[in-house]
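Labels below follow one simple rule: chain letters A, B, ... track the order of the sequence lines, proteins then strands, and each chain is numbered from 1. All of these numbers come straight from a predicted model, not from anything done at the bench.
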Amino acid sequence: AQKVTQAQTEISVVEKEDVTLDCVYETRDTTYYLFWYKQPPSGELVFLIRRNSFDEQNEISGRYSWNFQKSTSSFNFTITASQVVDSAVYFCALGNQGGKLIFGQGTELSVKP
Amino acid sequence: KAGVTQTPRYLIKTRGQQVTLSCSPISGHRSVSWYQQTPGQGLQFLFEYFSETQRNKGNFPGRFSGRQFSNSRSEMNVSTLELGDSALYLCASSSAGAPTHSGANVLTFGAGSRLTVL
C-alpha cells in the first residue's frame, strides 16, 4: 500500500529562520512521483514541485529547496529565510498515474514577524 | 487564463438530502480529479475523469458519484447525505494526456466547495 507520512503537524518559526518540512513515503512501485503542494488560508492547493523516482537530484527554486533521498524514502522541503507569506499548510503527496495522489496529513507552518 | 472554477463555494444541506457540485477545468484540460478534505481524514481521492470516462476511483461508498461532460466540465453528486460528508470538496484539472501514459499529473486545484451537512 502507498502511504505518505508528515510527522510534523505544526511548526512555528520567526521570520528569516530556515525551516524544513519532513516527508516520508512508502510504495512498492519502482516508478512513482512525489509532490509538494501549499494550501494557504484561501483553501486552494498550489503546486510547488513534482519529482519522479528516477531523478534524485536536489532542486532549488528561490528560497525553496527539496531533498529527495530514495535510500530513506524521504522528500524533504526546506524554506530558507522564511517570510510571513509562507504561512500555510504544506502537503507532500505520492502518485504513479493520472490524477490520483496519496497525500500526507499536512504540516501547518506559521511564520511570525 | 481562467483557473479551475468550482460552484457553489459554500452550501448547507440536511441529512438525507443530495448535493451536486460542479467543476469547470482550465480550458484545454481534459483530466478532472475530485478530492475530499476533512480535518480527520485529510485529503482523500474520490475519482478521476478523462475524456468523459472514469479512469480511477477512490475508496468511497456508492453514494458518491461523478461524471464528465464533452466540454470536460465535471460534476460530482453525493446522495443520502450523512453528517460525515461535511467537508471541503476540491476539484483539480490537468493538461496531461491519458493517465496510463503520463505518470502522475501536475494538478491545478480549484478553491473548493465547502459542504456542511446538518
Side-chain angles (χ1 to χ4, degrees), chain A residues 1-10 21 23-55 59 61 66 68 75 88-108, chain B residues 3-6 9-10 23 25-26 29-51 53-59 66 68 74 87-114:
Chain A
Q2 296 185 319
K3 185 179 179 181
V4 175
T5 301
Q6 295 180 253
Q8 305 149 308
T9 305
E10 297 178 14
L21 310 182
C23 173
V24 174
Y25 63 93
E26 295 176 28
T27 181
R28 294 180 181 174
D29 296 327
T30 54
T31 301
Y32 54 88
Y33 296 77
L34 295 164
F35 299 77
W36 276 95
Y37 282 86
K38 173 182 179 180
Q39 187 176 38
S42 61
E44 194 169 326
L45 278 95
V46 177
F47 166 77
L48 296 176
I49 189 171
R50 178 181 77 166
R51 305 293 287 185
N52 72 50
S53 52
F54 298 107
D55 184 1
E59 180 152 341
S61 176
W66 291 269
F68 177 26
F75 186 43
V89 181
Y90 290 85
F91 291 94
C92 180
L94 167 70
N96 61 2
Q97 189 180 93
K100 179 180 180 179
L101 299 181
I102 307 299
F103 282 87
Q105 288 294 94
T107 297
E108 183 171 3
Chain B
V4 177
T5 303
Q6 291 189 246
R9 290 292 314 278
Y10 303 91
C23 172
I26 290 174
H29 285 195
R30 295 163 64 190
S31 173
V32 173
S33 301
W34 288 89
Y35 286 82
Q36 181 197 64
Q37 185 175 23
T38 60
Q41 299 300 316
L43 277 156
Q44 294 185 286
F45 173 77
L46 281 156
F47 26 65
E48 176 187 13
Y49 288 87
F50 180 83
S51 293
T53 301
Q54 187 180 89
R55 286 290 188 171
N56 224 330
K57 189 177 189 304
N59 189 25
Q68 186 180 34
S74 178
L88 179 66
Y89 290 89
L90 292 162
C91 168
S93 73
S94 169
S95 63
T100 52
H101 298 116
S102 58
N105 299 345
V106 172
L107 304 179
T108 301
F109 284 84
S113 293
R114 185 167 294 281

**OP:** Kindly indicate whether the side chain of Leu43(B), heavy atoms from C-beta on, has any atom under 4.5 Å from the side chain of Tyr37(A).
**Re:** no
Original post:
Just how far is it from atom CD of Gln97(A) to atom CD of Glu48(B), taken to the nearest 0.5 Å?
Top reply: 8.0 Å
Original post:
Can you name the closest pair of heavy atoms from Asn105(B) and Arg50(A) and give their distance?
Top reply: CA-NH1, 4.3 Å
Original post:
When you look at OH of Tyr10(B), are more than 12 heavy atoms from neighbouring residues, nucleotides or ligands closer to it than 6.0 Å?
Top reply: no
Original post:
Among Gln41(B), Arg114(B), Gln44(B), Gln37(B), which has the most heavy-atom pairs under 4.5 Å with chain A?
Top reply: Gln37(B)
**OP:** With sequence neighbours left out, write down each residue that passes side chain to side chain donor-acceptor pair (under 3.5 Å) with Ser93(B), or none if nothing qualifies.
**Re:** His29(B)
Subject >> Heavy-atom proximity to chain B below 4.5 Å, by part of Tyr32(A) >> reply: neither
Original post:
From Phe109(B) CZ over to Phe47(A) CZ, what is the distance, rounded to the nearest 0.5 angstrom?
Top reply: 11.0 Å
Original post:
Ignoring hydrogens and geometry, is there a side-chain-to-backbone donor-acceptor pair from Tyr35(B) to Leu101(A) under 3.5 Å?
Top reply: yes
Original post:
Which region of Leu107(B), side chain (C-beta onward) or backbone (N, CA, C, O), has a non-hydrogen atom less than 4.5 Å from a non-hydrogen atom of chain A, or is it both or neither?
Top reply: both
Original post:
For atom NZ of Lys57(B), is the number of surrounding heavy atoms from other residues, nucleotides or ligands below 6.0 Å larger than 12?
Top reply: yes
Subject >> Phe47(B) portion near chain A, given a 4.5 angstrom heavy-atom threshold >> reply: neither
Original post:
Which answer fits Ala111(B), side chain, backbone, both or neither, if we ask what part of it has an atom under 4.5 Å from a heavy atom of chain A?
Top reply: both
Original post:
Ser51(B): what forms a side-chain contact (heavy atoms from CB on, under 4.5 Å) with it, not counting sequence neighbours?
Top reply: Arg30(B)
